Amino acid sequence: MAGRQPQVMVMHTKTKKEEGRKVQLDNINAAKCVADVIRTCLGPRAMLKMLMDPMGGIVMTSDGNAILREIVVQHPAAKSMIEIARTQDEEVGDGTTSVIVLAGEMLSQAEQFIAENMHPTVIIGAYLRALDDAIELLENEISIPVNLDDTEEMKKIVRSCIGTKLMKQWEALAVQIALEAVKCVTIKNDGTRPEVDIKRYAKVEKVPGGQLEDSEVLTGVMVNKDVTHAKMRRRIENPRILLLDCGLEYTKGESQTNIEITNEGDFARLLEIEEEYIQGLCANIIAAKPDLVFTEKGVSDLAQHFLQKANITAIRRVRKSDNNRIARAVGAQIVNRTDEIKEEDIGTGAGLFEVRKIGDEYFTFVTECKDPKACTILLRGPSQDLLKEVERNLQDAMNVVRNVIINPRLVPGGGACEISLAVALSEKARSVEGVAQWPYKAVARALEVIPRTIIQNCGASTVRVLTELRAKHAGCSNHTWGVDGQAGVLADMTELGIWEPLSVKLQTIKTAIETATLLLRIDAIVSGSKKAMQ
């Protein structure tokens with residue numbers, strides 16, 4: 001008894017601590033649960049999920065990121081899994097479902113090694129070695145270059161992206177919209193990689209009503225605004241456009257303002273000063289001879305009167321992002337002060353300005369631009385839910401085109417690329433020495449989850465088709481053979497025209513393996529924050 005050490009409590013009694021193998025197995029199970037939620041959303045026969053938020057709103061989608069964004073999870077490992085779907089979506093815009101399914105399978109394969117007391121560092125080392133080999137194989141052997149000027153080739157790439165989504169019923173329209181929009185906003189720089197900013201300059205406007213076939217890419221910009229004065233022109237051909245960042249109204253005091261009036265004529269003089277100030281603003285604008293003025297701030301009644309007398313149309317309270325898009329489309333500069341307006345600030349690139357009524361609302365169109373580097377995608381459809389899903393699908397398609405423009409290399413789709421990697425890594429595993437050989441081989445087995453899930457989702461015999469596929473790829477040949485996701489049979493992806501951008505595939509495999517190694521490194525979870533204790 002004398003030699004026994006007294007027990008020392010370092011942590012607060014309310015702090016909950018878990019450590020050791022239990023934590024690692026719990027993390028693996030949490031990741032598998034997240035992967036199982038969206039496993040049925042992979043491939044052309046993907047199912048939709050209907051999610052309800054606390055406010056009663058409904059989201060119907062098969063997009064991995066959109067589903068996981070709506071789900072509330074408690075487990076920290078599950079939160080990490082949801083985070084990787086968001087990262088994938090921000091980085092390459094596609095492959096969000098694949099990355100979750102693959103990461104879940106990578107961790108599932110590691111479970112047996114943890115149970116057999118293999119040290120996580122050994123498993124992680126083997127996983128990272130397999131990742132390096134997979135990247136090398138993808139870049140040097142499996143991927144092929146693509147000609148960006150060949151429209152048919154580009155259409156095939158977008159088609160294979162749209163084919164797994166709800167919008168495949170309107171495939172031709174979606175392909176056309178995605179290609180036109182990305183081509184419009186692409187700026188080619190000499191020698192360096194092109195600039196493709198879809199998020200800022202390709203705006204999707206959803207207007208319920210009409211048919212989905214009425215959707216189009218406008219060669220210019222559309223904003224949900226009407227003219228400020230009833231007598232202003234609603235249609236102008238070849239307009240001179242002025243963009244302002246200042247209000248056309250009398251500026252009020254920032255805080256409380258007191259004015260002391262001694263003479264009875266002073267109040268009338270105050271009103272006159274206000275009027276003269278606005279008249280001065282309008283005189284500066286009129287001197288530049290624009291036909292159309294967009295401002296991000298307000299336009300007072302008096303300013304409307306002066307502008308309307310000069311036959312100038314004004315549109316007020318335009319969003320900053322919309323103003324930037326108009327500037328890029330018509331070649332104008334946004335002006336901050338009316339006394340600084342120069343001739344080169346006026347945009348003359350637009351061919352037509354008109355205000356149209358769609359449904360109950362008025363929309364301003366600035367179209368027929370000569371060389372627009374910004375565009376608006378007008379989506380029509382029967383319901384807001386359908387339009388939201390179509391918008392998500394289009395964003396994925398546009399991101400795929402952007403990825404190909406930035407890195408013009410492709411890999412075969414339909415699980416062909418993954419099974420090729422799996423067979424090649426299984427062969428390489430023989431040259432790996434020691435116990436690291438088994439986790440290295442496990443990466444190859446985990447990669448098979450993509451073709452297996454595609455087969456399962458179209459109701460075919462998983463074992464038979466997967467065995468045939470392995471036999472087809474034996475000897476590291478037939479790289480382009482994969483699974484036809486509609487029929488559940490083997491098919492040559494070259495004939496079906498199903499190709500994916502290399503950058504999406506690289507990002508998927510990197511993110512999945514790196515997340516798996518990150519979660520395997522965790523050997524303790526301490527919960528109980530300082531605030532809760534206080």
Side-chain angles (χ1 to χ4, degrees), residues 88 91-92 94-95 98-99 102-103 105-106 124-150 153-154 156-157 160-161 191-194 399-433 436-437 439-451 469-483 491-517:
Q88 179 82 5
E91 191 62 33
V92 287
D94 196 19
S98 307
V99 77
L102 194 54
E105 189 65 19
M106 289 287 171
I124 290 164
Y127 271 28
L128 293 175
R129 186 172 169 183
L131 172 62
D132 291 341
D133 290 343
I135 290 170
E136 196 181 315
L137 283 165
L138 275 173
E139 288 178 340
N140 301 331
E141 290 182 31
I142 299 172
S143 65
I144 58 162
V146 61
N147 179 12
L148 296 177
D149 299 324
D150 188 344
E153 280 287 308
M154 296 297 280
K156 277 182 192 171
I157 301 160
S160 56
C161 169
T192 56
R193 78 183 207 167
N399 279 313
V400 162
V401 180
R402 183 199 68 184
N403 294 332
V404 174
I405 288 172
I406 291 170
N407 181 7
R409 289 190 78 81
L410 303 178
V411 290
C417 165
E418 284 84 358
I419 202 80
S420 288
L421 282 176
V423 170
L425 290 177
S426 295
E427 285 293 317
K428 277 198 170 190
R430 293 175 186 175
S431 62
V432 178
E433 293 176 3
Q437 183 181 42
Y440 188 98
K441 223 171 198 173
V443 174
R445 281 200 302 278
L447 284 164
E448 289 182 4
V449 73
I450 302 291
L469 193 55
R470 281 198 203 106
K472 199 82 177 165
H473 282 264
C476 296
S477 57
N478 300 323
H479 286 314
T480 56
W481 278 79
V483 181
D492 188 349
M493 295 297 126
T494 315
E495 287 174 18
L496 288 182
I498 296 173
W499 294 92
E500 297 179 50
L502 172 65
S503 49
V504 173
K505 198 58 75 183
L506 281 174
Q507 186 69 29
T508 304
I509 294 170
K510 278 181 195 169
T511 310
I513 294 181
E514 283 167 9
T515 305
T517 57

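This one's a predicted model, so the numbers in the text were calculated from it and none came from an experiment.
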**Q** Can you see which heavy atom on C161 is nearest to which on D94, and at what distance?
**A** SG-OD2, 3.8 Å
**Q** With no hydrogens and no angle check, is any side-chain donor or acceptor of R409 less than 3.5 Å from a backbone partner on L502?
**A** no
**Q** Is V443 close to R129 at the side-chain level, that is, under 4.5 Å between some pair of heavy atoms?
**A**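 No, every pair of side-chain atoms sits at 4.5 Å or beyond.
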**Q** Between CG of L137 and CD1 of I142, what distance do you get to the nearest 0.5 Å?
**A**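 With rounding to 0.5 Å, CG (L137) is 5.5 Å from CD1 (I142).
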**Q** Compare all side-chain heavy atoms of S503 with those of I406 and state whether any distance is below 4.5 angstrom.
**A** no
**Q** Within this structure, what is the OG-CG distance for the pair S420 and L447, rounded to the nearest 0.5 Å?
**A** 10.5 Å
**Q** What residues form a side-chain hydrogen bond (donor to acceptor under 3.5 Å, both in side chains) with T517, not counting sequence neighbours?
**A** none
**Q** Could you check if a side-chain atom of L102 sits within less than 4.5 angstrom of a side-chain atom of I509, using non-hydrogen atoms only?
**A**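 Yes - at least one pair of side-chain heavy atoms lies under 4.5 Å apart.
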**Q** Identify the heavy atoms of P451 and G415 that sit nearest to each other, and give their distance.
**A** CG-O, 4.0 Å
**Q** For L425 and A444, which heavy atoms make the closest approach, and how far apart are they?
**A** CB-CB, 3.9 Å
**Q** Roughly how far, to the nearest 0.5 Å, is NZ of K441 from CD of E427?
**A** 9.0 Å
**Q** Can you tell me if E500 uses its side chain to pair, donor with acceptor, with the backbone of V411 under 3.5 Å?
**A** no
**Q** Got a sec, which residues hit side chain to side chain contact (heavy atoms under 4.5 Å, CB included) with T511, two or more places apart in sequence or on another chain?
**A** I84, Q88, V99, Q507, T515
**Q** Can any side-chain N or O of N403 pair as donor or acceptor with the backbone N or O of N399 at less than 3.5 Å?
**A**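 At least one qualifying donor-acceptor pair exists.
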**Q** Quick check for you: to the nearest 0.5 Å, what is the distance between E418 atom CD and L138 atom CG?
**A**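 It is 8.5 Å, given to the nearest 0.5 Å.
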**Q** Decide yes or no for V401 and I157: does some side-chain heavy atom of the first lie under 4.5 Å from some side-chain heavy atom of the second?
**A** no
**Q** CD of E136 to NZ of K428: how many Å apart, nearest 0.5 Å?
**A** 5.0 Å
**Q** State, yes or no, whether a side-chain contact exists between W499 and E153 at a heavy-atom distance under 4.5 Å.
**A**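 W499 vs E153: side chains apart.
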**Q** Under a 4.5 Å cut-off applied to non-hydrogen side-chain atoms, are S98 and I450 in contact?
**A**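 With C-beta onward as the side chain, the pair touches.
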**Q** What heavy-atom pair brings M493 and G413 nearest, and what distance separates the two atoms?
**A**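 Looking at all heavy atoms of both residues, the closest pair is CG-O, 3.2 Å.
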**Q** Mind checking the CD-CG spacing from E514 to L128? Nearest 0.5 Å is all I need.
**A**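 Nearest 0.5 Å value for the CD-CG distance: 7.0 Å.
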**Q** Would you indicate whether the side-chain heavy atoms of H473 and L469 approach each other to under 4.5 Å?
**A** yes
**Q** Can you give me the closest heavy-atom contact between I498 and G414, atom names plus distance?
**A**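 Looking at all heavy atoms of both residues, the closest pair is CG2-N, 4.1 Å.
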**Q** Restricting to non-hydrogen atoms, name the atom on A491 and the atom on L496 that form the minimum distance, rounded to 0.1 Å.
**A**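 Closest approach of A491 to L496: CB-CD1, 3.6 Å.
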**Q** Any Lys/Arg nitrogen of E105 or R445 sitting under 4.0 Å from an Asp/Glu carboxylate oxygen of the other?
**A** no
